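Every value quoted in this text rests on a predicted model; they were computed, and no experiment measured them. Order of the sequence lines fixes the chain letters, A, B, ..., with proteins taken first and strands second; residue numbering starts at 1 for each chain.
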There are 2 protein chains.
Amino acid sequence: MAKIKDVAAAAGVSPSTVSRVLCNGPVSDKVRKRVEAAMAKLDYRPNLAARRLRSQHTDTIGLIVSDIRNPFFTAVSRAVEDEAYRNGMRVILCNTDENPDKEAMYLRLMQEERVTGVIFAPTRQMVASIDQQALGFPVVMIDRVSADAATDAVVLDNRRAAAQLVGHLLQQGYRDIGGLFGNTSNTGMERHAGFSEALQQAGLAAPARFVAPSVEAAEQAVLQWLAEPTRPQALLVSNGVLLLGAVRAIKSAGLHWPQDVALVGFDNEVWTDLLGDGLTVVEQPVNEIGRTAMAMLLERLDEPERSQRIVVLQGKLVVRGSSLPQ
Amino acid sequence: MAKIKDVAAAAGVSPSTVSRVLCNGPVSDKVRKRVEAAMAKLDYRPNLAARRLRSQHTDTIGLIVSDIRNPFFTAVSRAVEDEAYRNGMRVILCNTDENPDKEAMYLRLMQEERVTGVIFAPTRQMVASIDQQALGFPVVMIDRVSADAATDAVVLDNRRAAAQLVGHLLQQGYRDIGGLFGNTSNTGMERHAGFSEALQQAGLAAPARFVAPSVEAAEQAVLQWLAEPTRPQALLVSNGVLLLGAVRAIKSAGLHWPQDVALVGFDNEVWTDLLGDGLTVVEQPVNEIGRTAMAMLLERLDEPERSQRIVVLQGKLVVRGSSLPQ
DNA sequence: ATGAAAGCGCTAACAA
DNA sequence: TTGTTAGCGCTTTCAT
């Protein structure tokens, strides 16, 4: 494999000149042409490891999420990657499975890679303990954040979104409303807070249950809840993964929405409008979340000293049949 | 940030010894302990760019797919990543959008990264033109391959799977069967071949249409097809993305399966069993595909000279209501 | 088992 | 605009 010296020799110039061509440095047009011809002839590929070592910048960012198969993260990842490559940066993707040990391991790996920065959807335990100074690179958190986080962040207005769903249910005449939330992320906690507040303001009880963030856990929990005499008239479910579990539970219990139980949730996944008259959900602006996170990271690199910034995006209430009593 | 020299000084040894600790080389237990203590104290993180440059191996593989949001690739990616990290390798993910220019660009990037190997789901144009020698690393193709590919590969038995779906429809009494296929991948071509052969063997016509691999293109094509007087009794759709489009079309045309039109397809996505009595599909062994691709890459690295190998996996027919006349 | 020395392929400072 | 020189942080001979 050709190296910079070979190209230099073939073009009759010094290695530095070849390097300048590579980096768009000052080179006369005539020489540049010659060098580019030599590169093409030798099928030269600059060695990125060498460039990174020497130049001390990797143009690489880390993207740490719980599971790329969660459609929310799938969509956000794609947006982040597009924006990254558009800015000449590469992305290293890491799946943590909501496991703090894996989170720590991948953060360590990011340090070894000397990444330029990281976009991170942390678990609840991790949020407060992230120290950018110690890490050595800036972090933008997404999806799961709390007030005590010390980094930039892009989040949905989770309380408001949950409150909106509750408001919608109240408006439709539901009074007996239950909530199902994930127990590992701050997102679940915030959505629970919005849910509780909205119901308390209406003078109603706010029965809530918390489960592991998996389809199976949600399915089992909902199946059990629906079998109890205190079964709620309406169910609010905290994200797309849990929502799928809830749908499976309702289906396998032989029940139907909205007559047996109304159902509302988060994440406007592709299947939510295909079921019966559709599921009422809050849609997250997934592309905007990804793009914004990447943009904030780039801004932070430009201005390391500027104060912490949290961008709060609004969800969009999409009303469908699952919450409209007939 | 501490470097190897600092650790060496702190531990009272030479940099080589620290390096040996890092690489599990021969070091006495006593010295190893001292070095590890120094590493911990200084919060040392080895610089991967430097290691890669010097050692000439990157322990990195590239994964090139059309779009991570396609659930098939989402699942395969996750399996590849898990298997990679388990083997101490990192993964660079690239989305090509079925665009040959992007494919070429990312292959070039993989060369600059000096990746150990690449797992690649190529478009039709690209399949035959992949030259591992010129690229400088081994390639394992997935999902889309043809006989003239010159690399290792892991594929579904697409012809047989399509034929199975046709066989199932014939058994259920359908005679007038149409097929919808993607026009950019060899996968679509092979599934079309299996579809055609099976119908020809039964002495039946095999009307087929080809569309761009997007939900919208499929929806429009099916909408139009269903409005024609020659509308088929049953529709076979070549992958999960197109299948979603077909479902939308049938729904928005106010039709129902199986009475108005039976529907079968590929990819057992989460929503396929939620719609009515469910969609009949061929399920691909997504985890096995990802794991096998990674395993083949590792084997190829061990034995560069062994002959080309293609692993053909079987799909699983999952029969549901969409193809069972009432 | 350990150390000294060389160099992976490139870029950045400096000089011309 | 171009060349010369040094060195990024590590691993790998080759000694000892």
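Here B:Ser16 lies in heavy-atom contact (under 4.0 Å) with a base. A:Val18 comes within 4.0 angstrom of no nucleic acid atom, judged by non-hydrogen atoms across all strands. Using a 4.0 Å heavy-atom cutoff across all strands shown, B:Ser19 reaches at least one base atom of the nucleic acid.
Taking CG from B:Asp143 and CZ from B:Phe72, the interatomic distance works out to 4.0 Å, rounded to the nearest 0.5 Å. To the nearest 0.5 Å, atom CG of residue A:Asp152 and atom CG of residue A:Leu297 are 8.5 Å apart.
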Q. Could you walk me through whether B:Val18 and B:Met39 pass the side chain to side chain contact (heavy atoms under 4.5 Å, CB included) check?
A. CA-CA 9 Å; B:Val18 178; B:Met39 284 177 170; 3.7 Å; yes

Q: Let me see the working for B:Ile61 and B:Ile92 under side chain to side chain contact (heavy atoms under 4.5 Å, CB included), right down to the final yes or no.
A: CA-CA 6 Å; B:Ile61 70 151; B:Ile92 302 178; over 6 Å; no

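For the contact set between residues 41-62 of chain A and DNA chain D, defined by any heavy atom under 4.0 Å, the members are A:Leu53, A:Arg54, A:Gln56.
Taking 4.0 angstrom as the limit, A:Thr17 places a side-chain polar atom (N or O) nearer than this to OP1 or OP2 of D:dG3.
A:Asn87 places no side-chain N or O within donor-acceptor distance of the main-chain N or O of A:Met89, the cut-off being under 3.5 Å. With hydrogens and angles disregarded, a donor-acceptor distance shorter than 3.5 Å links the side chain of B:Ser77 to the backbone of B:Phe73. Within the 3.5 Å criterion, the main-chain N or O of A:Thr123 finds no donor-acceptor partner in the side chain of A:Thr184.
Protein atom NZ of A:Lys5 is 13 Å distant from nucleotide atom P of D:dT5, rounded to whole Å.
Each of A:Leu156, A:Val155, A:Val154, A:Thr187 was scored for a side-chain contact (heavy atoms from CB on, under 4.5 Å) with A:Val145, with one residue passing: A:Val155.
Protein chain A contacts DNA chain C from C:dG9 to C:dA13, reading 5' to 3' and using non-hydrogen atoms of the protein with a distance under 4.0 Å.
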